[in-house]
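Report on the structure given below.
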Amino acid sequence: MRIQRVALKENGYDILFARLAAFGGLLRERLAPRGAVAVVSDETVWAAQGTGLAAALDGAGLPYRVCLLPPGEQTKTLDGLQRLYAFFAEAGVRRDGLVVAFGGGVVGDLTGFAAATWMRGVPYVQIPTTLLAQVDSSVGGKTAVDLPQGKNLAGAFYQPALVLLDVETLDTLAPRELRCGMAEVIKYGAIYDAALFDRLRVPPQGAALEDIVAECCRLKANVVAEDERDTGARMLLNFGHTFGHAAETLGGYETYKHGEAVALGMVLAAEAGALLGVTPPGCAAALGEILQANGLESIYPLRPSTLLPVMRLDKKNDGGGLRLVLLRDIGSAFVYPIAEEALTAVLERMDAAWTPV
Ligand code: GLY
């Protein structure tokens with residue numbers, strides 16, 4: 001079995017690459033929960049993969065209760081959180097029990113935050129079933145709910161006790177969701193590893209996909225071990241996110257899914273970096289080619305400066321300006337603090353080069 005350690009100073013944990021059928025045995029062997037086991041999933045994931053997890057837990061002799069949430073970002077709210085607290089109370093979850101998040105980023109973030117705060121913290125396990133969750137959100141302990149004031153505004157760093165990952169669960173994933181995950185995979189190549197970037201010219205499948213997911217988990221585990229609280233190196237994972245979040249917000253979270261917005265945001269960041277003289281001019285085109293090869297749009301259809309009002313509200317805005325993540329080249333990124341006036345000037349120059357698509 002392939003194992004990736006997330007080597008934190010305290011509460012380190014493993015990512016285990018195995019098949020769903022083995023997950024019950026692995027949970028029993030690794031965590032031996034004495035108290036109640038509470039599984040949180042969404043209706044879509046459970047319809048596609050629930051039988052497999054249920055059989056695995058039954059086979060290992062682990063009794064459990066399941067709470068199914070409606071799929072989608074609208075579940076990641078204080079109402080969704082309240083629903084999980086009610087479920088934990090009913091299921092009798094205590095600190096000797098276990099919470100299992102079985103799904104994509106929404107289920108993982110919400111369940112992780114519920115586990116972080118229920119009885120001041122109960123152990124939880126991430127079983128990510130989307131590519132985006134497998135390569136990013138299930139690893140690193142970022143948990144949150146959205147508030148009316150903004151995405152992920154209430155949350156906690158709370159690490160899982162274990163991540164169980166089966167790439168075969170991606171077989172039932174909608175193609176659009178798979179593409180969104182590929183945007184994050186391409187991001188790892190762009191910021192850390194030019195060879196990984198080049199391997200993505202052909203969309204990976206089967207064993208190649210498992211290798212790629214494992215490589216992304218290794219990169220994520222390393223950066224989380226170095227900067228668990230996101231004050232330094234981990235910020236590079238935000239490449240494409242400042243522009244991307246703005247596109248996502250302006251589109252009302254419907255025009256673009258998160259990964260699609262990150263794809264557009266990466267190209268915009270590469271174009272901004274070129275105008276600022278820190279990114280080689282060919283990087284934006286190289287990103288565009290790889291994104292298109294993986295079925296992702298790479299050209300933001302509106303004038304880039306339309307993103308500015310939303311970018312000003314970004315969490316990474318420290319009052320005087322923003323911290324953009326820019327490329328030194330494909331495979332190397334850095335944080336570039338930029339004053340608002342300078343950012344406005346760059347976006348206006350990007351507007352000048354903009355042609356309607
Ligand atoms: N998704 C970015 C991070 O975990 O830091």
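All residue numbers in this chain count up from 1 along the given sequence. Order of listing sets the numbers, starting from 1, for every ligand and every atom in it.
Here the protein heavy atom with the shortest distance to atom 4 (O) of ligand 1 is K220 NZ, 2.5 Å.
For ligand 1, the atoms closer than 4.0 angstrom to any heavy atom of R234 are 3 (C), 4 (O), 5 (O).
Of the N or O atoms in K142, one or more lie within a sub-3.5 Å distance of an N or O in ligand 1. At under 3.5 Å, not a single nitrogen or oxygen of N238, backbone or side chain, sits near a nitrogen or oxygen of ligand 1.
Contact check on E248 versus K151 returns a salt bridge, with a Lys/Arg side-chain nitrogen under 4.0 Å from an Asp/Glu carboxylate oxygen. A salt bridge is absent between D211 and R199: the closest approach of a Lys/Arg side-chain nitrogen to an acidic carboxylate oxygen does not fall below 4.0 angstrom. In summary, D166 and R19 engage in a salt bridge, as defined by a charged side-chain N under 4.0 Å from a carboxylate O. The pair E228-K9 does not meet the salt-bridge criterion, since no charged nitrogen lies less than 4.0 angstrom from a carboxylate oxygen.
Judged by the shortest distance from any of its heavy atoms, D136 lies inside the 4.0 Å radius around the atoms of ligand 1.
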*Tell me, with the steps shown, if T117 and Y158 meet side-chain hydrogen bond (donor to acceptor under 3.5 Å, both in side chains).*
CA-CA 9 Å; T117 45; Y158 189 60; over 6 Å; no
